[in-house]
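Predicted model only: the values in this text are computed from it and were never measured. The residues of the chain are indexed from 1 along the displayed sequence.
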Amino acid sequence: MNEYHVSSLVVHAAADQIESVTSEIEKIPGAEVPASSEVGKLVVVIEGESRVGLLDKFEQIKALPGVLAATLVFHQVEEEEPENALEGVGQ
C-alpha cells in the first residue's frame, strides 16, 4: 500500500518579506499557500508520499529567509490501495 500525507502549517514571516516567502514556499513541490495576511501570517499546506518527505519540506520552509516561525497544525495519513487491487474481485 502507498501512503498519502497532508499537513498544514502556520508560518509567521517578516511582514516586509511575505511575497518572497510565499514565492519560495510555492516553489517546493507539493506545497501551497492558500491564505495569508498583511501582518505575515501564512497558512501552508504540504502534501507528499511519506512522513520523511513532509518533514524535509517543513524544515525547508523553516529555513527560508524571512520565516520567523513555523508550526505544524494538522497531519493526516491516508492509506491508498494500489490501482489494480480490486481487479478480479467479484468476478
Between [X] and [Y], is there a shared hydrophobic cluster once you connect ILVMFWY residues whose side-chain heavy atoms come closer than 4.5 Å?
X     : Y     : value
Leu64 : Leu42 : yes
Ile25 : Val45 : no
Phe58 : Val43 : no
Ile46 : Leu72 : yes

Would you mind writing out the side-chain donor-acceptor pairs for residues 10-24 within the sub-3.5 Å range, not counting sequence neighbours?
from	atom 1	to	atom 2	distance (Å)
Gln17	OE1	Gly66	N	3.4
Ser20	OG	Gln17	O	3.1
Thr22	OG1	Ile18	O	2.9
Glu24	OE2	Lys27	NZ	2.9

Nearest-0.5 Å distance that lies between atom CD in Gln76 and atom OG in Ser8: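 That separation rounds to 10.5 Å.
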His75 side, atom NE2; His5 side, atom NE2 - distance, nearest 0.5 Å: 5.0 Å
Show which side-chain atoms of residues 48-56 pair as donor or acceptor with protein atoms under 3.5 Å away, not counting sequence neighbours.
from	atom 1	to	atom 2	distance (Å)
Ser50	OG	Gly53	N	2.9

From CA spacing to verdict: side chain to side chain contact (heavy atoms under 4.5 Å, CB included), Glu32, Val44: CA-CA 6 Å; Glu32 67 175 296; Val44 179; over 6 Å; no
Heavy-atom donor-acceptor pair, Lys57 side chain to Pro29 backbone, under 3.5 Å: yes
